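What follows is one structure encoded as structure tokens, with my remarks underneath.
In this text the structure is predicted, and so the values were computed from the model without any measurement. Residue numbers run from 1 in the order of the sequence given.
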Amino acid sequence: MKLYIVPGFGQTTRSKGYKKIMDFAKSINIEVVPVPITWEKTVATDWLQQLRNFFMHENNNVPPILLGFSFGAYLATLFAKEMQFKKLILCSLSPYFRNDIQHLPPLVHKILGKRRMQDFKKYSFPKNNLTPATFFVGEKDMPFVIQRTRKSYKTWNGKNNLRSYRMQNTIL
């Protein structure tokens, strides 16, 4: 069994939290594969294409597990419509789907920029996805992230569950 990890915006899987997740997965004989994403000067459409390109070269006889954090979780929900996964693990799902944009604080628009915000408007939260999913929400996540995660959990068609975690002790 393989576990692919898509990190959050601007992150790589070399940080301490991801290392804990990878060590735990390896301890139960799950092969871990970090998914590299180039975040700088790119938009969601580019990130999805990077996932397509990455998985095009992967040999998966058994559907793998895909874990994403924040924007990685956002991408995982979108990409799961294109590829079969055994399960999705969605941590602190970023609220940047078409219907979320208008509810985000102005500071978010400023930080991410007009080009990214325009690109996010292309994507709605996927419907009719039957891939089993576990939604994790951090106790210290921003309120709009908590709301998006809970709303996504409620509208997910596949088998799902919702869990919370503490940011400093993250082992999923």
Side-chain angles (χ1 to χ4, degrees), residues 1-97 123 125-141 145-146 148-150 152-153 155-172:
M1 176 69 54
K2 285 186 183 180
L3 168 67
Y4 290 87
I5 299 177
V6 183
F9 184 74
Q11 299 177 343
T12 70
T13 55
R14 291 187 301 264
S15 70
K16 185 178 177 180
Y18 294 111
K19 292 284 187 199
K20 285 184 179 181
I21 294 167
M22 290 189 281
D23 289 345
F24 174 75
K26 289 174 186 175
S27 77
I28 58 172
N29 296 320
I30 295 176
E31 180 183 349
V32 179
V33 182
V35 179
I37 299 288
T38 301
W39 301 105
E40 289 182 31
K41 299 180 183 178
T42 55
V43 295
T45 300
D46 301 320
W47 306 331
L48 276 170
Q49 189 58 48
Q50 289 178 54
L51 279 177
R52 286 182 196 107
N53 294 343
F54 179 84
F55 278 99
M56 185 174 16
H57 302 293
E58 289 294 304
N59 181 14
N60 289 308
N61 298 332
V62 176
I65 299 168
L66 182 61
L67 181 148
F69 180 79
S70 188
F71 272 118
Y74 173 91
L75 294 172
T77 63
L78 297 173
F79 191 59
K81 293 200 69 106
E82 299 180 30
M83 183 176 163
Q84 182 183 1
F85 291 97
K86 178 177 180 168
K87 182 171 189 144
L88 298 179
I89 302 173
L90 308 168
C91 308
S92 301
L93 178 61
S94 284
Y96 293 92
F97 298 99
Y123 303 102
F125 184 76
K127 295 182 181 187
N128 303 321
N129 193 322
L130 299 177
T131 304
T134 297
F135 293 81
F136 282 91
V137 63
E139 293 174 352
K140 295 181 181 179
D141 278 342
V145 173
I146 293 170
R148 166 38 76 193
T149 303
R150 289 185 175 151
S152 299
Y153 160 73
T155 60
W156 193 259
N157 289 28
K159 183 179 177 184
N160 65 22
N161 55 44
L162 178 66
R163 306 252 192 241
S164 65
Y165 65 92
R166 288 195 174 125
M167 299 299 254
Q168 68 272 19
N169 296 322
T170 304
I171 295 185
L172 305 175

What's the shortest heavy-atom distance between Ser92 and Asp141, and which atoms?
-> OG-OD2, 2.7 Å
Tell me, do Leu93 and Tyr74 make a side-chain contact under 4.5 Å, heavy atoms counted?
-> yes
Find the distance between NZ (Lys140) and CD1 (Ile146) and round it off to the nearest 0.5 Å.
-> 12.0 Å
Apply the test side-chain contact (heavy atoms from CB on, under 4.5 Å) to residues Leu162 and Thr149: give CA-CA distance (whole Å), side-chain angles for both, the deciding distance (0.1 Å), then the verdict.
-> CA-CA 9 Å; Leu162 178 66; Thr149 303; 4.1 Å; yes
Any sub-3.5 Å donor-acceptor pair from Asp46's side-chain atoms to Val43's backbone N or O?
-> yes
May I have the list of side-chain donor-acceptor pairs in residues 64-72 shorter than 3.5 Å, sequence neighbours left out?
residue: Ser70; atom: OG; partner: Ser94; partner atom: OG; Å: 2.8

What residues form a side-chain hydrogen bond (donor to acceptor under 3.5 Å, both in side chains) with Thr155, not counting sequence neighbours?
-> none
side-chain hydrogen bond (donor to acceptor under 3.5 Å, both in side chains) partners of Thr77, counting only residues at least two apart = none
By side-chain hydrogen bond (donor to acceptor under 3.5 Å, both in side chains), which residues pair with Gln50, not counting sequence neighbours?
-> none
Interatomic spacing from NZ in Lys19 to CG in Asp23 - rounded to 0.5 Å | 7.5 Å
Is there side-chain contact between Val35 and Thr13, with heavy atoms separated by less than 4.5 Å?
-> no
Non-neighbouring partners of Phe135 that pass ring-ring contact (aromatic ring centres under 6.0 Å, His included), sequence neighbours left out | Trp156
Where Trp39 and Pro7 come nearest, the two heavy atoms and their spacing | CZ2-O, 3.2 Å
For Gly8 and Tyr18 the tightest heavy-atom approach is N-OH, 2.9 Å
Write out all pairs satisfying salt bridge (charged side-chain N to carboxylate O under 4.0 Å, His left out) with one or both partners inside residues 71-86, taking only residues at least two apart or from two chains.
-> Arg52-Glu82
Measuring from Met22:CE to Ile5:CD1, what's the distance to the nearest 0.5 Å?
-> 5.5 Å
CE-CD distance between Met56 and Gln49, expressed to the nearest 0.5 angstrom = 7.0 Å
Where at least one partner belongs to residues 127-138, residue pairs that pass side chain to side chain donor-acceptor pair (under 3.5 Å), sequence neighbours excluded | Lys87-Thr134, Asn128-Asn157, Asn129-Thr131, Thr134-Asn161
For Asn160, check side-chain hydrogen bond (donor to acceptor under 3.5 Å, both in side chains) against everything at least two apart and list the hits.
-> none
Please output the side-chain donor-acceptor pairs of residues 26-34 that fall under 3.5 Å, not counting sequence neighbours, one pair per line with the distance.
residue: Ser27; atom: OG; partner: Phe24; partner atom: O; Å: 2.6

Which of these passes side chain to side chain contact (heavy atoms under 4.5 Å, CB included) with Trp47: Val6, Leu78, Leu75?
-> Leu75
Kindly state whether the ring of Phe79 and the ring of Phe55 have centres lying under 6.0 angstrom apart.
-> yes
Apply ring-ring contact (aromatic ring centres under 6.0 Å, His included) to Tyr123 and list each qualifying residue two or more places apart in sequence or on a separate chain.
-> none
Which residue pairs satisfy the salt bridge (charged side-chain N to carboxylate O under 4.0 Å, His left out) criterion with at least one member in residues 61-72, sequence neighbours excluded?
-> none
For residues 58-72, which residue pairs qualify under salt bridge (charged side-chain N to carboxylate O under 4.0 Å, His left out), counting only residues two or more places apart or in two chains?
-> Lys2-Glu58
When rounded to the nearest 0.5 Å, the distance separating CZ of Phe85 from OH of Tyr4 is 8.5 Å
